[in-house]
Amino acid sequence: MPELPEVESVRRQLTPQLTGRRIADVWWDAHPHARLSDLDLAVGRRIERIVRRGKFLLCTLDPTDDGDTLELVLHLGMTGSFSIRPTEPTPTGLATTDHVRVRFDLDDGRTLRFADPRRFGRASVIPAGDYVDRIPTLATLGPEPLSSAFDPAAFAAALAATSAPVKAKLLDQRLVAGVGNIYADEALWRARIHPASRRVGRVRAGRLHQAIVEVLTAAVEREGTTFRDYQMVNGESGRYAAFLDAYGQGDRPCRRCGEPMRRTVIAQRGTTYCPRCQR
DNA sequence: CCTGGTGCCTGGGTGC
DNA sequence: TGCACCCAGGCACCAG
C-alpha cells in the first residue's frame, strides 16, 4: 500500500538511477485490464527529471523531434514495485512469473522493471501536464502535505464543507494529496479524532493538519512502512512499521491511554482507532 | 455536487 | 491435503 512516504522513498532511489538515461526499448503486458497506455511513445526519450505528486511519480521526458513534450506517469497502486537490473541479453518479453508488467530497457545496459501482482498500478505516457483529460485524479489532486501549499485554514474549510466521515475525506486525495489507509489512521490517532466523525471544527482541523505533517515527515525519514507488499527499488523494507500507533494495532492496547484498540470499517476500509481517546 | 457502494486483481490466510 | 471462500485497498465508475 504505497502512500506518500513510500512513493517519495521510491522517487529518491529512482532519481539518481534514471535521470539523464534514454529509454531504448519498452515491453509491456497486453492484459485487458492492465492500466498501461501509450508506453511505446517513451521509446527514444530521455528522462529529464522525476517529481512526485501525491502517490504519483511524474517523469518528464525530453522533447520529441516534433517538439512535443511527453510525461511518463507512474502509480504503484497496491502492490507495484520497481527494480533495476542488467538488461537481459536476449529479450524474451516479460517475466510474468514474478508479475513484471513493464520493462523499460535503458541506454546503459540496465532495465527498469515495474512489477505489480494485483495490477492496480498504472503507467501511461501523456502530453506533459494533460491531466484533466488523461488522469482526472491527478488534475484534482489536493495540496502536497509537506509543502507550504498545505494551508491549515484552507484544510479546515475543506473539512467543514462536506459531511462524509473524516477518514473518507483523508483518503479522497482532493483535500490533501498522498494520504492512504495507513497514514489516515495514524494521523487521526495522533490528532485524537474519531475516524467516523462527520464534523471537524477548526481546533480539531488544526490538530489533524499538524498530525498529518508530523506523521508523514516521520515516515519519510524512515523510508515508509512495509506491512505487506511494499518494497523499495533496492528491495529493502521501510522502517516506519515499528512506529505505527494505530494501523494494524487492532489487537493491542492504545499506546496513549491503554484502552484496547478497536477495528471497524469506515469508507469501505479497515480502520483501527482508540475508542477512548479518539472521540 | 455529494455520498456510498461495487468492481477491478491476485496472493495469502482461514475454515471445513 | 485440498478446496472454497474471503480479505487486503487505490482508484474508476455508477446510482440515488
Side-chain angles (χ1 to χ4, degrees), chain A residues 1-11 28-37 52-58 73-82 94-102 114-124 126 131-142 145 157-188 195-200 216 219 224-231 238 241 244 246-251 263-273:
Chain A
M1 49 223 79
E3 306 177 24
L4 185 152
E6 292 76 30
V7 178
E8 176 62 19
S9 299
V10 169
R11 186 194 69 80
W28 74 96
D29 190 340
H31 188 280
H33 294 292
R35 299 170 187 186
L36 310 171
S37 59
R52 181 192 53 73
R53 270 290 278 141
K55 303 171 194 172
F56 288 88
L57 289 174
L58 310 175
V73 179
L74 304 168
H75 194 296
L76 296 172
M78 274 285 293
T79 56
S81 65
F82 292 102
L94 299 168
T96 53
T97 51
D98 43 12
H99 307 290
V100 174
R101 310 304 185 193
V102 188
F114 177 42
D116 182 21
R118 291 179 216 178
R119 300 181 191 273
F120 279 17
R122 75 177 296 163
S124 305
I126 65 170
Y131 307 136
V132 174
D133 292 329
R134 305 299 189 99
I135 306 175
T137 304
L138 197 43
T140 60
L141 205 57
L159 283 175
T162 57
S163 65
V166 60
K167 170 144 178 185
K169 294 175 188 174
L170 292 182
L171 298 177
D172 181 89
Q173 305 302 302
R174 288 178 294 185
L175 272 69
V176 56
V179 176
N181 206 36
I182 294 175
Y183 300 105
D185 278 9
E186 292 302 305
L188 289 165
S197 176
R198 292 175 186 272
R199 289 205 309 263
V200 175
L216 293 178
T225 302
T226 296
F227 206 76
R228 293 190 181 83
D229 305 297
Y230 164 72
Q231 65 176 29
L244 294 174
Y247 182 86
Q249 308 299 307
D251 54 349
R263 187 185 150 78
T264 183
V265 175
I266 294 170
Q268 289 73 245
R269 296 292 170 255
T271 300
T272 307
Y273 67 103

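Keep in mind that what you see is a predicted model, and the values were worked out from it rather than measured. Below, read A as the first sequence line, B as the second, and so on, with proteins coming before strands; counting in each chain starts at 1.
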Inset, instruction - Report the distance from atom CZ of R119(A) to atom C1' of dG11(B), rounded to the nearest whole Å. - result: 13 Å

Legend entry - For the student: nearest non-hydrogen atoms of V176(A) and P145(A), plus distance: CG2-CB, 3.6 Å

Legend entry - Phosphate-side-chain proximity, R118(A) and dG11(B), N/O vs OP1/OP2 below 4.0 Å: no

Inset, instruction - Mind calculating the distance between CD1 (I266(A)) and C1' (dG9(C)) to the nearest angstrom? - result: 15 Å

Inset, instruction - Take the protein atom CD1 of I182(A) and the nucleotide atom P of dG9(C), then report the distance between them rounded to whole Å. - result: 8 Å

Legend entry - Length of the line joining D116(A):CG and dC11(C):P, which is rounded to integer Å: 13 Å

Inset, instruction - Could you pull out all residues at least two apart from R11(A) that satisfy salt bridge (charged side-chain N to carboxylate O under 4.0 Å, His left out)? - result: E8(A)

Inset, instruction - Check whether the aromatic ring of F120(A) stacks on the base of dC11(C), taking stacking as ring centres less than 5.5 Å apart and planes within 30° of each other. - result: no

Inset, instruction - Find the distance H75(A):NE2 to dA12(C):P and express it as a whole number of Å. - result: 8 Å

Legend entry - Heavy-atom pair of closest approach, residues Q249(A) and L244(A): CD-O, 3.7 Å

Legend entry - Selection from dT10(B), dC11(C), dG9(C) that lies nearest to any side-chain heavy atom of H99(A): dT10(B)

Legend entry - Between P of dA12(C) and NZ of K55(A), the distance in whole Å: 11 Å

Inset, instruction - Classify the side-chain pair T225(A)/Y183(A) by whether it contains a donor and acceptor separated by less than 3.5 Å. - result: yes

Inset, instruction - Would you check if the side chain of E186(A) reaches a backbone N or O of A246(A) as a donor-acceptor pair within less than 3.5 Å? - result: yes

Legend entry - Minimal non-hydrogen separation, N181(A) against G270(A), with atom names: ND2-O, 3.0 Å

Contacts under 3.5 Å, N or O only, protein and nucleotides 3-7 of chain B:
unit_1: dT3(B); atom_1: OP1; unit_2: S163(A); atom_2: N; d: 2.3
unit_1: dT3(B); atom_1: OP1; unit_2: S163(A); atom_2: OG; d: 2.7
unit_1: dT3(B); atom_1: OP1; unit_2: A164(A); atom_2: N; d: 3.3
unit_1: dT3(B); atom_1: OP2; unit_2: T162(A); atom_2: OG1; d: 3.4
unit_1: dG4(B); atom_1: OP1; unit_2: R198(A); atom_2: NH1; d: 2.9
unit_1: dG4(B); atom_1: OP1; unit_2: R198(A); atom_2: NH2; d: 2.8
unit_1: dG5(B); atom_1: OP2; unit_2: Q268(A); atom_2: OE1; d: 3.1

Inset, instruction - Indicate, with a heavy-atom threshold strictly under 4.0 Å, whether G270(A) touches base, sugar-phosphate, or nothing. - result: sugar-phosphate

Inset, instruction - Provide, to the nearest angstrom, the distance between the CE atom belonging to M78(A) and the C1' atom belonging to dG12(B). - result: 12 Å

Contact list (N/O, under 3.5 angstrom) for nucleotides 13-16 of chain C vs protein:
none

Legend entry - Shortest non-hydrogen contact from V179(A) toward Q173(A): O-NE2, 2.8 Å

Inset, instruction - For R174(A), enumerate each residue passing the side chain to side chain donor-acceptor pair (under 3.5 Å) test, keeping only those at least two apart in sequence or located in another chain. - result: D172(A)

Inset, instruction - Quick one: the dot-bracket string of DNA chain B, using Watson-Crick and G-U wobble pairs with both distances under 3.5 Å, [ ] for crossing pairs and | for bases paired to another strand. - result: .|||||||||||||||

Legend entry - Short side-chain to backbone donor-acceptor contact, S197(A) and V166(A), under 3.5 Å: no

Inset, instruction - Look at Y247(A) and dG9(C) and indicate whether a side-chain polar atom (N or O) is within less than 4.0 Å of OP1 or OP2. - result: yes

Legend entry - For F120(A), all residues meeting ring-ring contact (aromatic ring centres under 6.0 Å, His included), sequence neighbours excluded: none

Legend entry - salt bridge (charged side-chain N to carboxylate O under 4.0 Å, His left out) between R122(A) and D116(A), worked out: CA-CA 9 Å; R122(A) 75 177 296 163; D116(A) 182 21; over 6 Å; no

